Engineer: 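The structure's right below; bear with me while I get my questions together.
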Amino acid sequence: MYESGKDIRVMLLGDENAGKTTLLAALARYLDMTEIPNDVYYEDVADPRRRHIGGEQSPYADSAWIGGAGVRCVILPLRSPSHALIMIDAAGEDQVPYLLASPVTPDAVIFVVDGRTGLGRAGIRQIRIAAELGISQVILFINQFGMDASGGRLRAVRAETEALIEEHTGLAPVVTVVGSYKAAVRDLEQNPSGPYSNCLSRIAEAMYTLSPRTVEDTLRSEYDIPCVLLNLEGGFSVAPLPDRSRVKIKLPGTKGEIGARVRFLHGPEWKETEDDRILRSGSCSEAVIRCDEAVCWKGGERFSLFLNDTLRATGIAAVRSVFEPFAGADL
């Protein structure tokens, strides 16, 4: 339940053209007509601004690495006496970099799925990474796009997506809304004084039940660190990092560097060959770091990774590992 004085950060995720930006614009309009009056226009949402995020919160601010990433995103603060929502909508391929580079991990996500096509590769990856970061509050919105809500295709897409979210986040049951934001906007126009009973009202009701995320603060002592690696710097190009490289890592709270080997991990949608597995400048990958000795780490902690004594990537230790399909992989 909402805590007074707490900002609830909600990010929209989903495949390209699933309808995230238009949904956010429609939600802003709905909230403006009900409880949260804000001067938000569609143009404010549809014209992402490039922002640099993450650098000022880097734990290694005294080094050459400034961290963070340049992303295109819209951040809409929607506040009322009873709720304070910060809505985040990143453009295209910038969704995952925002998730990873932002110093403040979102409390929840609205996951938008096109009911005609179901989940794509980008959407599956976003679910996994959100789970790794410990985001367990998920609102699933399946966009009808004119389809019959009781049709077999829509039911199949819903079942597949809910099962994937449950598998990776441990969240069950998933809060799911099926609907058309276009029909909901027509409802607002025809009944400007309400009452409303459409997909926007149901999503808003679900958002009002969200709370600040809590992260399990468990210190682990293990050889392997499941993580996400970022080759994101925002200021200048960074050389690529090959898979299976021998590296050194520096963990928060430790004085020296620790030898390790990096192994990139990818889900069943990954199509590139072994020879193509390098972490290029401006990209990120799920990975396991196998250290030469047992190390102490907490989920969500950031650490630096060095190759040939050059700072090459930033890692985020997974709060919840979603790498079970890769158990026993040759590291």
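What you are looking at is a predicted structure, and each value in this text was computed from that prediction instead of being measured. Side-chain atoms are counted along with the backbone in the values below, which use heavy atoms only and exclude waters and symmetry mates.
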Engineer: Between Arg244 and Arg263, does a side-chain contact (heavy atoms from CB on, under 4.5 Å) hold up when you go through it step by step?
Structural biologist: CA-CA 5 Å; Arg244 302 179 187 270; Arg263 178 71 168 95; 3.2 Å; yes

Engineer: Indicate the atoms forming the closest heavy-atom contact of Ser304 with Leu311, along with that distance.
Structural biologist: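 For Ser304 versus Leu311, the nearest heavy atoms are CB-CD1, 3.5 Å.
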
Engineer: Which heavy atom of Asp107 sits nearest to which heavy atom of Pro212, and what is that distance?
Structural biologist: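 Minimum heavy-atom separation between Asp107 and Pro212: OD1-CA, 3.5 Å.
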
Engineer: Hey, what do you get for CG (Asn231) to CZ (Arg312), rounding to the nearest 0.5 Å?
Structural biologist: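 The CZ atom of Arg312 is 7.5 Å from CG of Asn231, to the nearest 0.5 Å.
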
Engineer: Is any side-chain heavy atom of Ser211 closer than 4.5 Å to one of Gln137?
Structural biologist: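 A side-chain contact exists here, since the closest heavy-atom pair is under 4.5 Å.
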
Engineer: If two hydrophobic side chains count as joined below 4.5 Å and joins carry through other members, does Tyr208 share a cluster with Leu24?
Structural biologist: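 Linked within one cluster.
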
Engineer: Determine whether a donor-acceptor pair (N or O, by modelled atom type, separation under 3.5 Å) exists between the side chain of Asn308 and the backbone of Thr310.
Structural biologist: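 A pair under 3.5 Å: no.
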
Engineer: Within a strict 4.5 Å, meaning less than it, do heavy atoms of the Leu251 and Ile225 side chains meet?
Structural biologist: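 Touching, per the 4.5 Å side-chain cut-off.
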
Engineer: Supply the atom-to-atom distance Leu305 CG to Leu241 CG, rounded to the nearest 0.5 angstrom.
Structural biologist: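 Separation between the atoms: 6.0 Å.
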
Engineer: Can any side-chain N or O of Lys250 pair as donor or acceptor with the backbone N or O of Thr254 at less than 3.5 Å?
Structural biologist: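 Yes, the answer is positive, given that a donor and an acceptor are paired below the 3.5 Å cut-off.
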
Engineer: So, for Leu230 and Leu279, which heavy atoms are closest and what is the spacing to 0.1 Å?
Structural biologist: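 Reported closest heavy-atom pair: C-CD2, 4.2 Å.
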
Engineer: Could you walk me through whether Met11 and Gln126 pass side-chain contact (heavy atoms from CB on, under 4.5 Å), step by step?
Structural biologist: CA-CA 11 Å; Met11 184 169 182; Gln126 290 167 16; over 6 Å; no

Engineer: Verify side-chain contact (heavy atoms from CB on, under 4.5 Å) between Leu200 and Leu188, making sure each step is shown before the conclusion.
Structural biologist: CA-CA 10 Å; Leu200 300 180; Leu188 300 183; 4.3 Å; yes

Engineer: Can you get from Ile86 to Ile53 by hopping between Ile, Leu, Val, Met, Phe, Trp and Tyr side chains that sit under 4.5 Å apart?
Structural biologist: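 Cluster IDs for Ile86 and Ile53 match.
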
Engineer: On a heavy-atom basis, which atom in Ala108 and which in Ile135 lie closest, and how many Å separate them?
Structural biologist: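 Smallest heavy-atom distance, with atoms named: CA-CG2, 3.9 Å.
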
Engineer: Are any of the side-chain heavy atoms of Leu99 and Pro106 separated by less than 4.5 Å?
Structural biologist: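 In short, these two side chains touch, coming nearer than 4.5 Å.
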
Engineer: Going by heavy atoms in the side chains, are Trp297 and Phe303 under 4.5 Å from each other?
Structural biologist: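 No; the side chains remain at least 4.5 Å from each other.
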
Engineer: Enter the distance from Leu229:CG to Cys284:SG here, rounded to the nearest 0.5 Å.
Structural biologist: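 Result: 9.5 Å between the selected atoms.
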
Engineer: Do Arg246 and Asp292 sit within salt-bridge range, that is, some charged N less than 4.0 Å from a carboxylate O?
Structural biologist: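 Result for this pair is yes, salt bridge flagged.
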
Engineer: If you measure from CD on Gln95 to CD on Glu16, what distance do you get to the nearest 0.5 Å?
Structural biologist: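 One finds 7.0 Å between CD of Gln95 and CD of Glu16.
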
Engineer: Does Glu222 CD have over 12 foreign heavy atoms under 6.0 Å away?
Structural biologist: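 Enclosed: over 12 neighbouring heavy atoms sit under 6.0 Å from CD of Glu222.
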
Engineer: Is there a donor-acceptor pair under 3.5 Å between the side chain of Glu301 and the backbone N or O of Ala317?
Structural biologist: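 Judged by distance alone, no pair lies under 3.5 Å.
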
Engineer: Is the shortest heavy-atom distance from the side chain of Ser136 to the side chain of Arg213 under 4.5 Å?
Structural biologist: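 SC-SC contact between Ser136 and Arg213 ruled out.
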
Engineer: What distance separates Leu23 CG from Asp89 CG, expressed to the nearest 0.5 Å?
Structural biologist: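 Here the rounded value is 9.0 Å.
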
Engineer: Using the rule that Ile, Leu, Val, Met, Phe, Trp and Tyr join whenever any side-chain heavy atoms are under 4.5 Å apart, tell me whether Phe111 and Val174 fall into a single cluster.
Structural biologist: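 Yes; Val174 is reachable from Phe111 via cluster members.
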
Engineer: Testing the basics here: between Ala294 and Tyr223, what is the closest heavy-atom pair and its distance to 0.1 Å?
Structural biologist: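 The answer is N-CE2, 3.5 Å.
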
Engineer: Would you mind reporting whether Ile8 and Met207 have side-chain heavy atoms less than 4.5 Å apart?
Structural biologist: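 No; the side chains remain at least 4.5 Å from each other.
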
Engineer: Checking the side chain of Arg202 only, and the main-chain atoms of Val178 only, is there a donor and an acceptor separated by less than 3.5 Å?
Structural biologist: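 Yes, Arg202 side chain to Val178 backbone: donor-acceptor pair under 3.5 Å.
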
Engineer: List the atom of Asn143, the atom of Gly19, and the distance in Å for their closest heavy-atom pair.
Structural biologist: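 Asn143 and Gly19 have their closest heavy atoms at ND2-CA, 4.1 Å.
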
Engineer: Only one of Ile142, Val177, Leu27 passes side-chain contact (heavy atoms from CB on, under 4.5 Å) with Cys199; say which it is.
Structural biologist: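 The residue from Ile142, Val177, Leu27 that satisfies side-chain contact (heavy atoms from CB on, under 4.5 Å) with Cys199 turns out to be Val177.
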
Engineer: So that I can tick it off, tell me whether Asp224 and Arg290 are bridged by a salt bridge, with the cut-off set at under 4.0 angstrom between side-chain N and carboxylate O.
Structural biologist: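 Looking at Asp224 together with Arg290, the answer is yes, because their closest N to O distance falls below 4.0 Å.
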
Engineer: Of the options Ile110, Val112, Thr161, Val109, which is the one that meets Leu140 in a side-chain contact (heavy atoms from CB on, under 4.5 Å)?
Structural biologist: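 Single side-chain contact (heavy atoms from CB on, under 4.5 Å) partner of Leu140 among Ile110, Val112, Thr161, Val109: Thr161.
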
Engineer: In terms of relative ring orientation, are Phe141 and Tyr181 parallel, tilted or perpendicular, with 30° and 60° separating the classes?
Structural biologist: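 It falls in the tilted class, 30° to 60°.
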
Engineer: Hydrophobic clustering (ILVMFWY, side-chain heavy atoms < 4.5 Å, transitive) - are Val185 and Leu78 grouped together?
Structural biologist: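 No, it is not one cluster - the side chains of Leu78 and Val185 are not joined through contacts under 4.5 Å.
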
Engineer: Report the distance from atom CG of Leu100 to atom OG of Ser102, rounding to the nearest 0.5 Å.
Structural biologist: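 If I round to the nearest 0.5 Å, the distance is 10.0 Å.
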
Engineer: Salt bridge check, Glu189 against Arg29: does any charged N sit closer than 4.0 Å to a carboxylate O?
Structural biologist: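 Between Glu189 and Arg29 there is a salt bridge, with a charged N closer than 4.0 Å to a carboxylate O.
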
Engineer: For side-chain contact (heavy atoms from CB on, under 4.5 Å), just list the numbers for Arg50 and Asp94, CA-CA rounded to whole Å, side-chain angles, deciding distance to a tenth of an Å, and then say yes or no.
Structural biologist: CA-CA 10 Å; Arg50 183 163 291 279; Asp94 290 342; 4.3 Å; yes

Engineer: Looking at Asp15 and Leu119, would you say the former's side chain and the latter's main chain have a donor-acceptor pair under 3.5 Å?
Structural biologist: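 Looks like no, no N/O pair under 3.5 Å.
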
